[in-house]
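Remarks on the structure that follows.
Below, read A as the first sequence line, B as the second, and so on, with proteins coming before strands; counting in each chain starts at 1.
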Protein chains: 2
Amino acid sequence: MNKKVSCRECNNEDCLIKRHCTPDYLAKIGLKRVQIEHQAKDSIFREGGYVGGIYFIQHGKVKIIAHGGDDREQIVRMATDGQIFGHRGLGDDLYTVSAFALSDTVVCFIDNDTMYDAYMHNPKLTYQMLEFYSLELQKAEVRMKYLAQMNVREKVAEALLLIRDVFGTHPADGTLNVCLSRQEIADMTGAMVEQVSRELGEFQKENLIAKTGRSGIVITNVNGMLELIKKYGTEQYATQPN
Amino acid sequence: MNKKVSCRECNNEDCLIKRHCTPDYLAKIGLKRVQIEHQAKDSIFREGGYVGGIYFIQHGKVKIIAHGGDDREQIVRMATDGQIFGHRGLGDDLYTVSAFALSDTVVCFIDNDTMYDAYMHNPKLTYQMLEFYSLELQKAEVRMKYLAQMNVREKVAEALLLIRDVFGTHPADGTLNVCLSRQEIADMTGAMVEQVSRELGEFQKENLIAKTGRSGIVITNVNGMLELIKKYGTEQYATQPN
DNA sequence: CCCCAAAGATGACATAAATCATAGCATGCT
DNA sequence: AGCATGCTATGATTTATGTCATCTTTGGGG
């Protein structure tokens with residue numbers, strides 16, 4: 001398990017900083033950034049807190065949630081190695097979402113001033129960040145359609161495919177590479193936990209999924225799952241996990 | 001009504017190009033960009049088409065829609081003067097959404113190569129674009145929560161407040177500055193048009209809104225509308241229209 | 001000015017999903 | 001091992017919303 005390392009040693013080849021900064025800025029950022037370890041279920045930042053910079057995931061899994069009414073939560077995004085979260089413009093902006101570790105996670109935090117300096121002198125970095133946000137916006141737009149139009153059965157199917165797409169599957173037995181509770185799947189879909197339980201039971205009866213142990217899930221028939229939601233357009237979800 | 005003008009003549013002070021490009025790049029872009037007029041209800045681009053560049057709204061109103069199942073549509077965003085739409089990364093990406101004019105509209109189209117050149121030499125422009133997408137992503141995340149968790153009554157209230165926030169109100173009588181059909185409000189919320197009709201009728205009985213003519217709506221009690229959805233967090237929507 | 005097409009409103013009914021209640025099952029702890 | 005706790009499963013019931021049918025209103029064009 002790789003823990004704290006310097007940028008030079010870091011073997012995360014997806015990191016936009018590492019890929020698009022000049023060597024001198026890579027060194028500069030390496031000195032300023034803060035590496036933070038979080039255990040599964042830890043809060044990384046919380047809604048209402050001050051946005052002082054931006055997080056890059058060196059290694060681990062993160063969920064981004066918005067707080068809804070009646071103590072409900074909405075999982076709006078999930079992220080893993082090399083991905084970015086928690087950036088919100090300069091100024092005194094406050095977080096509108098919270099972030100939690102889903103597994104033991106190491107994040108790099110870089111403050112706004114350091115990033116701004118890097119942006120002004122590494123146009124390719126800024127451009128790639130722009131691309132990253134543009135693509136995330138695109139995904140969010142498609143997801144809005146899903147959440148507004150699908151019924152619960154379809155939303156649960158979509159949630160499982162999204163989990164598979166973001167975190168992939170275990171090579172040995174095909175289990176999804178993250179353990180989310182029924183409540184967390186409910187928080188992805190906006191449905192009630194009992195309904196999620198029922199739908200998962202249905203999927204199992206139909207041999208679309210297999211459940212192993214406490215909420216470990218294998219999607220045994222990916223094409224069957226895709227079939228359930230294809231009328232909404234499924235460009236997003238590859239047949240093979242990434 | 002201002003139609004086609006040069007960048008120098010353009011009085012759109014919100015344009016990020018105009019605000020953040022050096023004079024030589026402003027001239028360069030002015031030569032390459034294409035100004036296009038669209039009438040209300042015209043398609044500007046369509047899902048599946050090739051993304052050749054990016055659109056800036058010089059003057060007008062636009063809706064961005066995703067095609068759902070059973071011929072349903074989902075309005076994922078609306079935009080007006082000075083705002084950006086239709087950008088998707090370099091390469092052979094295809095649009096995942098369509099854009100339509102909601103009123104007579106003049107857009108500036110700038111091709112990818114020209115924008116990339118400008119990005120590489122105008123770091124502040126690139127940074128402001130990054131900020132723009134980051135803020136849009138933030139809005140989309142909050143909207144995801146709304147669409148997943150609200151009931152239809154709340155979603156219709158939220159849609160009206162969003163329309164007011166994006167397009168503002170007519171100073172004379174307070175009418176929302178855009179005429180959306182019941183079907184379009186349904187497309188914002190993911191609900192059925194009959195249900196939207198019913199909820200608007202309820203709002204009228206409760207003196208929260210007044211309906212004038214064919215779908216011209218006045219929100220007569222903004223605080224009352226905000227009250228309906230406050231448990232989900234309403235930071236987004238100012239009491240005064242922008 | 002009147003007619004027509006399209007949009008909007010409304011009632012009756014069917015269905016999906018939330019809610020409530022309770023039981024079963026793992027996991028961790030002593 | 002055995003208990004306690006929190007997650008999961010499932011049935012019964014209520015509520016919300018989608019669906020279908022019908023009627024009304026609106027605004028534009030002959």
Please list, chain by chain and in numerical order, all residues satisfying salt bridge (charged side-chain N to carboxylate O under 4.0 Å, His left out) with A/D70, sequence neighbours excluded. B/K231
With sequence neighbours excluded, what pairs up with B/K41 under the salt bridge (charged side-chain N to carboxylate O under 4.0 Å, His left out) test?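 With sequence neighbours excluded, B/K41 shows a salt bridge (charged side-chain N to carboxylate O under 4.0 Å, His left out) to no residue whatsoever.
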Below 4.0 angstrom, which residues in residues 63-72 of chain B have at least one non-hydrogen atom near DNA chain D?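 Contacting residues: none.
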Could you tell me whether A/K61 and A/E184 have a side-chain N and a carboxylate O separated by less than 4.0 Å?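 No, A/K61 and A/E184 are not salt-bridged.
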For B/N177 and B/F167, indicate whether the former's side chain and the latter's backbone hold a donor-acceptor pair under 3.5 Å.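 Looks like yes, one N/O pair under 3.5 Å.
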Do the side-chain N or O atoms of A/K211 get closer than 4.0 angstrom to the phosphate oxygens (OP1, OP2) of D/dA9? yes
Return the value, rounded to whole Å, for the distance between atom [atom1] of [X] and atom [atom2] of [N].
X: B/Q183; N: D/dT19; atom1: CD; atom2: P; result: 12 Å
X: A/N151; N: C/dA14; atom1: CG; atom2: C1'; result: 15 Å
X: B/I185; N: C/dG8; atom1: CD1; atom2: C1'; result: 11 Å
X: A/R182; N: C/dC25; atom1: CZ; atom2: P; result: 15 Å

By side-chain contact (heavy atoms from CB on, under 4.5 Å) - contacts of A/Y95 (at least two apart):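 Result, side-chain contact (heavy atoms from CB on, under 4.5 Å) vs A/Y95: A/F45, A/V51, A/Y55.
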Side-chain donor-acceptor contact under 3.5 Å, B/Q149 with B/Y232: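 No pair is found: no donor N or O on one side chain lies under 3.5 Å from an acceptor on the other.
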Do A/N223 and A/E227 pair up side chain to side chain, a donor and an acceptor below 3.5 Å, judged on atom types alone? no
Residue pairs meeting salt bridge (Lys or Arg N to Asp or Glu O under 4.0 Å), one or both in residues 142-152 of chain B, sequence neighbours left out, come to B/R143-B/E158
Under 4.0 Å from any atom of DNA chain C, heavy atoms only: list the residues of residues 192-204 of chain B that qualify, in numerical order. B/E194, B/S197, B/R198
